[in-house]
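Notes to accompany the following structure.
Residues take their numbers from the sequence shown, with the count starting at 1.
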Amino acid sequence: GDLTVNGTGLLTTTSSITVGGTTTVGNGRTLSNGSAFTFISPTITAIGTGQFTNSGIVTVSTSLDGSGLFSNGATGTLNIGFASAPTITTLTATASGNIVNYTAAAPNCKVTTYDTLNFTGSGAVTCAVTTVAAINTSGTVSWTTTSSINVSGGINIGTGTSITNGAFTFTSPTIGV
């Protein structure tokens, strides 16, 4: 079934949760996934000032959307298993140590600043990010950059994957293959 969190205030998970349908965080409400927990839902929607904050592991397979905020904390891992870019208004993934994994075939990423950005699926990546701390590829993904990218940490290009720099500046202190 679906999970709808309405009202105001903070609701924090105290165990791992699997939702079979849509998780909706209403206007004025915060749903917080704790660091020791896994939250799985095909669709997560945050409405208005609604927020989903993650310090654990969140896996979303169909859609991450709405006019609200998804914030991936320093210990958070966000697994995005669908090909289209998340349409949530604000995706905050800048906390040092957090990880965002795009796992679908031919993924499109949300253009935002990331700490650790991973592409682990297959096919051509579409992503116009400009600032990221670390980029890692695995599986059989290929990515031709469409914007200048400043990588403050490093880039690890996994076996069977490729990153091709278009006509842009690619800045990174380390590149591993």
Kindly determine whether Thr103 and Phe82 satisfy side chain to side chain contact (heavy atoms under 4.5 Å, CB included), including the steps that lead there.
CA-CA 7 Å; Thr103 63; Phe82 52 92; over 6 Å; no
Which atom pair, heavy atoms only, marks the closest approach of [X] to [Y]?
X	Y	result
Ser152	Ala133	OG-CA, 3.3 Å
Thr130	Ser147	CG2-OG, 4.1 Å
Thr140	Ser122	OG1-CB, 3.1 Å
Ser96	Ala74	O-CB, 3.3 Å
Ala105	Ala83	O-CB, 3.5 Å
Ala85	Cys109	CB-O, 3.6 Å

Any side-chain heavy atom of Ile80 sitting closer than 4.5 Å to one from Pro86?
yes
Would you check if Thr112 and Val129 make a side-chain contact, meaning some heavy-atom pair closer than 4.5 Å?
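SC-SC contact between Thr112 and Val129 ruled out.
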Test side-chain hydrogen bond (donor to acceptor under 3.5 Å, both in side chains) applied to Asp65 and Thr87, step by step
CA-CA 5 Å; Asp65 61 25; Thr87 58; 4.7 Å; no
Euclidean distance, [Y] [atom2] relative to [X] [atom1], rounded to 0.5 Å:
X	Y	atom1	atom2	result
Ile157	Ser142	CD1	OG	12.0 Å
Ser16	Ile40	OG	CD1	8.0 Å
Asn79	Ile99	CG	CD1	9.0 Å
Thr92	Asn98	OG1	CG	9.5 Å
Phe39	Thr59	CZ	OG1	10.5 Å
Ile44	Ser63	CD1	OG	9.5 Å

Hey, any chance [X] and [Y] share a hydrophobic cluster, counting ILVMFWY side chains that come within less than 4.5 Å of each other, even indirectly?
X	Y	result
Leu69	Val100	no
Val25	Phe37	no
Ile47	Leu64	no
Ile57	Tyr114	no

Show, in sequence, the C-alpha distance, side-chain angles and deciding distance for Asp2 and Thr24, and conclude whether the side chain to side chain contact (heavy atoms under 4.5 Å, CB included) test is met.
CA-CA 8 Å; Asp2 294 338; Thr24 303; over 6 Å; no
Could you tell me whether a side-chain N or O of [X] sits under 3.5 Å from a main-chain N or O of [Y], the two making a donor and an acceptor?
X	Y	value
Ser67	Gly48	yes
Lys110	Leu91	no
Trp143	Cys127	yes

Could you pull out all residues at least two apart from Phe70 that satisfy ring-ring contact (aromatic ring centres under 6.0 Å, His included)?
Phe52
Under 3.5 Å, sequence neighbours excluded: what are the donor-acceptor pairs made by side chains of residues 5-14?
from  : atom 1 : to    : atom 2 : distance (Å)
Thr13 : OG1    : Asn33 : OD1    : 3.1
Thr13 : OG1    : Gly34 : N      : 3.0

Side chains of Thr94 and Asp115: do they bring a donor and an acceptor to under 3.5 Å?
no
I'd like to know if the side chain of Ser41 pairs up with that of Thr23 as donor and acceptor (distance under 3.5 Å, no hydrogens or angles considered).
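There is such a pair (donor and acceptor under 3.5 Å, judged by atom type) between the side chains of Ser41 and Thr23.
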Ignoring hydrogens and angles, write down the donor-acceptor pairs under 3.5 Å from the side chains of residues 158-166, residues two or more places apart or on other chains.
from   : atom 1 : to     : atom 2 : distance (Å)
Thr161 : OG1    : Thr137 : OG1    : 2.7
Thr161 : OG1    : Gly158 : N      : 3.1
Thr161 : OG1    : Gly158 : O      : 2.6
Asn165 : OD1    : Thr145 : OG1    : 3.0
Asn165 : ND2    : Phe168 : O      : 2.8

I would like to know whether Ser32 and Thr53 meet side-chain hydrogen bond (donor to acceptor under 3.5 Å, both in side chains); could you show each step before the answer?
CA-CA 5 Å; Ser32 180; Thr53 61; 3.1 Å; yes
Passes side chain to side chain contact (heavy atoms under 4.5 Å, CB included), Thr116 versus Asn101? Steps please.
CA-CA 8 Å; Thr116 301; Asn101 296 314; over 6 Å; no
Between Thr120 and Val141, does the side chain to side chain contact (heavy atoms under 4.5 Å, CB included) criterion hold? Intermediate values first, please.
CA-CA 7 Å; Thr120 64; Val141 297; over 6 Å; no
